Amino acid sequence: MRNDGKLDPTNRRLLALLKENGRTSASDLGRTLGLSRTAVQDRIRRLEKAGVILGYTAVVSAADDQPPVAALVSITISERPCAPVLAHLQALPEVERLFSVAGPTDAVVLVRVADTQALSALVDRISAIEHVSTATAA
């Protein structure tokens with residue numbers, strides 16, 4: 001990152017590579033970017049510390065035992081910064097994907113649960129998080 005907090009072209013390219021495959025080794029990223037492994041690790045550490053990289057996830061194929069009810073839950077967060085609430089939501093086992101969005105809604109989460117009663121209970125749990133309000137589309 002630059003001193004003004006903006007991403008330089010190398011960091012933007014690094015983030016694009018990590019979005020493509022978050023498991024790419026620092027050595028392979030370094031070869032692609034023309035940097036050493038330690039320089040890549042340092043850049044990643046700084047991006048994590050700055051809150052640009054919030055975490056890593058595995059994308060898995062749909063399993064036969066996957067819960068059958070999927071829903072989109074719109075999340076509005078009344079206090080800033082949003083990152084702590086988003087991290088809490090991301091950690092919920094029912095959350096399949098989390099999208100940060102612009103406008104009156106701060107995030108949309110794709111959740112998957114066993115039935116509509118479980119969905120209702122999950123939305124109640126999410127709504128109970130301080131500074132959070134929800135809307136659901138099943």
Side-chain angles (χ1 to χ4, degrees):
M1 261 173 30
R2 299 182 335 199
N3 288 339
D4 61 3
K6 295 184 180 179
L7 297 175
D8 64 22
T10 302
N11 280 345
R12 284 197 298 274
R13 180 71 178 127
L14 173 59
L15 290 172
L17 292 168
L18 287 171
K19 284 180 186 178
E20 288 175 21
N21 182 358
R23 293 182 53 104
T24 305
S25 72
S27 296
D28 287 342
L29 291 167
R31 278 191 284 280
T32 302
L33 296 169
L35 299 172
S36 69
R37 177 187 53 80
T38 55
V40 169
Q41 290 170 326
D42 184 55
R43 283 177 178 267
I44 290 172
R45 182 190 52 75
R46 284 184 291 173
L47 290 167
E48 289 170 342
K49 186 176 179 181
V52 176
I53 297 175
L54 297 176
Y56 302 87
T57 187
V59 178
V60 297
S61 65
D64 290 335
D65 62 345
Q66 193 173 42
V69 176
L72 295 172
V73 181
S74 297
I75 307 290
T76 303
I77 305 167
S78 63
E79 189 164 291
R80 300 293 184 258
C82 296
V85 173
L86 297 176
H88 180 79
L89 292 169
Q90 188 75 45
L92 297 173
E94 300 90 347
V95 172
E96 219 172 78
R97 299 284 306 266
L98 184 143
F99 304 93
S100 185
V101 296
T105 298
D106 295 300
V108 175
V109 291
L110 172 61
V111 299
R112 191 170 293 277
V113 293
D115 53 36
T116 55
Q117 287 178 327
L119 176 60
S120 181
L122 175 61
V123 171
D124 288 346
R125 281 183 19 233
I126 292 172
S127 296
I129 299 170
E130 193 172 6
H131 307 295
V132 170
S133 59
T134 63
T136 308

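These numbers come from the heavy atoms of this one structure, side chains and all, not from hydrogens, waters or symmetry mates. Being a predicted model, the structure only gives us computed values, none of them experimental. Throughout, residue positions are numbered sequentially from 1 according to the sequence presented.
- In this structure, Ala70 and Leu110 approach most closely via the heavy-atom pair CB-CD1, 4.2 Å.
- Atom CD1 of residue Ile77 and atom OG of residue Ser100 lie 8.0 Å apart, to the nearest 0.5 angstrom.
- The heavy-atom pair separating Val108 from Ser74 by the smallest distance is CG2-OG, 4.3 Å.
- The distance from atom OG1 of Thr134 to atom CG of Asp124, rounded to the nearest 0.5 Å, is 8.0 Å.
- In this structure, a donor-acceptor pair under 3.5 Å is present between the side chains of Ser36 and Thr38.
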| request: Using the side chain to side chain contact (heavy atoms under 4.5 Å, CB included) rule, take Leu122 and Ile126 through it: C-alpha gap first, then chi angles, then the decisive distance, then the call. | output: CA-CA 6 Å; Leu122 175 61; Ile126 292 172; 4.0 Å; yes
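- Between the side chain of Ser120 and the backbone N or O of Thr116, no donor-acceptor pair lies under 3.5 Å.
- Evaluation of the salt bridge (Lys or Arg N to Asp or Glu O under 4.0 Å) rule for Arg13 yields no partner, not counting sequence neighbours.
- Of the inter-residue distances, the one linking Gln90 atom CD with Leu98 atom CG reads 5.0 Å to the nearest 0.5 angstrom.
- Judged as a salt bridge (Lys or Arg N to Asp or Glu O under 4.0 Å), and not counting sequence neighbours, the contacts of Arg80 are Asp106.
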| request: Verify side chain to side chain contact (heavy atoms under 4.5 Å, CB included) between Leu29 and Leu18, making sure each step is shown before the conclusion. | output: CA-CA 9 Å; Leu29 291 167; Leu18 287 171; 3.8 Å; yes
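- Rounded to the nearest 0.5 Å, atoms CG (Leu14) and CG (Leu35) are 8.0 Å apart.
- Legend: residues meeting salt bridge (Lys or Arg N to Asp or Glu O under 4.0 Å) with Arg37, ordered by chain and number and at least two apart, are absent.
- Within the 4.5 Å cutoff, no side-chain heavy atoms of Val73 are placed close to those of Val95.
- In this view, Asp42 and Arg45, Arg46 satisfy the salt bridge (Lys or Arg N to Asp or Glu O under 4.0 Å) rule, not counting sequence neighbours.
- Pairing each heavy atom of Thr10 with each of Leu33, the nearest pair is O-CD2, 4.4 Å.
- The shortest heavy-atom contact between Pro68 and Ala114 is CG-O, 3.4 Å.
- Applying the side chain to side chain contact (heavy atoms under 4.5 Å, CB included) criterion to His131, with sequence neighbours excluded, gives Ser78, Glu79.
- You'll find the side chain of Leu47 reaches within 4.5 Å of the side chain of Leu7, heavy atoms only.
- Closest heavy-atom contact between Pro81 and Pro84: O-CD, 3.5 Å.
- Linking Ile, Leu, Val, Met, Phe, Trp and Tyr residues whenever their side-chain heavy atoms come within less than 4.5 Å leaves Val52 and Leu54 in two separate clusters.
- Applying the side chain to side chain contact (heavy atoms under 4.5 Å, CB included) criterion to Glu48, with sequence neighbours excluded, gives Ile44, Ile53, Tyr56.
- For the pair Thr32/Thr24, no side-chain contact is recorded, criterion being any heavy-atom separation below 4.5 Å from C-beta on.
- The two residues Val101 and Ala107 make their nearest non-hydrogen contact at CG2-N, 3.8 Å.
- Here the NZ atom belonging to Lys6 is positioned 10.0 Å from the CZ atom belonging to Arg12, to the nearest 0.5 angstrom.
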